[in-house]
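The figures here come from the full heavy-atom set of this structure, side chains too, leaving out hydrogens, waters and symmetry mates. Chain identifiers are assigned alphabetically (A, B, ...) following the order of the sequence lines, protein sequences preceding nucleic acid strands; residue numbering begins at 1 within each chain.
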Amino acid sequence: DQQVKQNSPSLSVQEGRISILNCDYTNSMFDYFLWYKKYPAEGPTFLISISSIKDKNEDGRFTVFLNKSAKHLSLHIVPSQPGDSAVYFCAAVIIQGAQKLVFGQGTRLTINP
Amino acid sequence: NAGVTQTPKFRVLKTGQSMTLLCAQDMNHEYMYWYRQDPGMGLRLIHYSVGEGTTAKGEVPDGYNVSRLKKQNFLLGLESAAPSQTSVYFCASSYSRQGARYSYEQYFGPGTRLTVT
């Protein structure tokens, strides 16, 4: 049972426009949500996170929105740049115990010049 | 400060062979994790450790064993490799502390690409 889902395997956006990546979850016990970015042949790198008690967190060009009632979060990148082309993973964590991350399937973002 | 390193980067095994993947971190993290990444499935947790001498099963532990004899090292073993274990393996580590400003970030190594024929 996939607790964290990214239903769009790929997304193509023009440079300078907004990229919106979506993520849905089923477990209401998740306390924190993270976004990771992954380039080919490299490990995932942390991008931004949000606590379940907030509905928005912003860091430069990246903003994450959380809608707890809909069990949905989204990552907005604006403006999109060619270096943003990567696979983006949404992850969720229950903070009790070992803080295990549950990952979505990933969305491949391509920024076109 | 190298962060999280993994050895080897690539490996090809024949069915039934065994091998050990080594993960090392120099950030004094308490927690360490092993994941596998397969196409269309994201990263799935194999085993994890909350401290030296402790290990626990994750989501997909079958066919793997782990050991954490030193705080900075986390070993993943395949005793009898199967083609279904062809994957990219990632090690990660994190702090155990919690707090208002803590992000629960895990730091990942560069991965080991394993092919079992």
Within one Ile-Leu-Val-Met-Phe-Trp-Tyr cluster: A/Leu21 and A/Phe46, side-chain cutoff 4.5 Å: no

With a 4.5 Å cut-off on side-chain heavy-atom distances among I, L, V, M, F, W and Y, is there a chain of contacts connecting A/Tyr88 to A/Val64? yes

Heavy-atom cut-off 4.5 Å, strictly under: side chain, backbone, both or neither for A/Leu34 against chain B? side chain

Would you say that more than 12 heavy atoms from the other residues, nucleotides or ligands in this model lie under 6.0 Å from the CD of B/Glu79, or not? no

Are B/Leu43 and A/Val4 connected in the hydrophobic side-chain network, where two residues link if heavy atoms are under 4.5 Å apart? no

Heavy atoms only, distances under 4.5 angstrom: which of B/Met41, B/Gln106, B/Lys9, B/Gln37 has the most pairs with chain A? Name it, please. B/Gln106

Quick check: do A/Leu101 and B/Tyr35 have side-chain heavy atoms less than 4.5 Å from each other? yes

Quick one: are A/Gln99 and B/Tyr48 in side-chain contact, heavy atoms under 4.5 Å? no

Hphob cluster co-occupancy, A/Leu73 + A/Phe65, side-chain heavy atoms under 4.5 angstrom: no

Is the number of heavy atoms from other residues, nucleotides or ligands within 6.0 Å of CZ (B/Arg113) greater than 12? no

Separation between CG (A/Leu47) and CD (B/Glu105), nearest 0.5 Å, reads 10.0 Å

Measure the shortest side-chain to side-chain distance between A/Phe103 and B/Glu59 over non-hydrogen atoms and say whether it is less than 4.5 angstrom. no

Report which part of B/Leu45 has an atom under 4.5 Å of a heavy atom belonging to chain A: side chain, backbone, both, or neither. side chain

Residue A/Arg61 excluded, over 12 heavy atoms near CZ under 6.0 Å: yes

With a 4.5 angstrom heavy-atom cut-off, which part of A/Ala91 approaches chain B: side chain, backbone, both or neither? neither

Considering only heavy atoms, which portion of B/Tyr95 lies under 4.5 Å from any heavy atom of chain A: side chain, backbone, both, or neither? backbone

More than 12 heavy atoms of other residues, nucleotides or ligands under 6.0 Å from CE of A/Met29: yes or no? no

Engaged part of A/Pro9 at the chain B interface, taking heavy atoms whose separation is under 4.5 Å: neither

Check: A/Tyr36 ring centre within less than 6.0 Å of B/Phe108 ring centre: yes

Between B/Phe90 and A/Lys38, is any pair of side-chain heavy atoms under 4.5 Å apart? yes

Please identify, among B/Pro110, B/Ser94, B/Ala56, the residue contributing the most non-hydrogen atom pairs under 4.5 Å to chain A. B/Pro110

Determine whether A/Phe62 and A/Tyr32 fall in the same hydrophobic cluster, where Ile, Leu, Val, Met, Phe, Trp and Tyr are linked whenever their side-chain heavy atoms lie under 4.5 Å apart. no

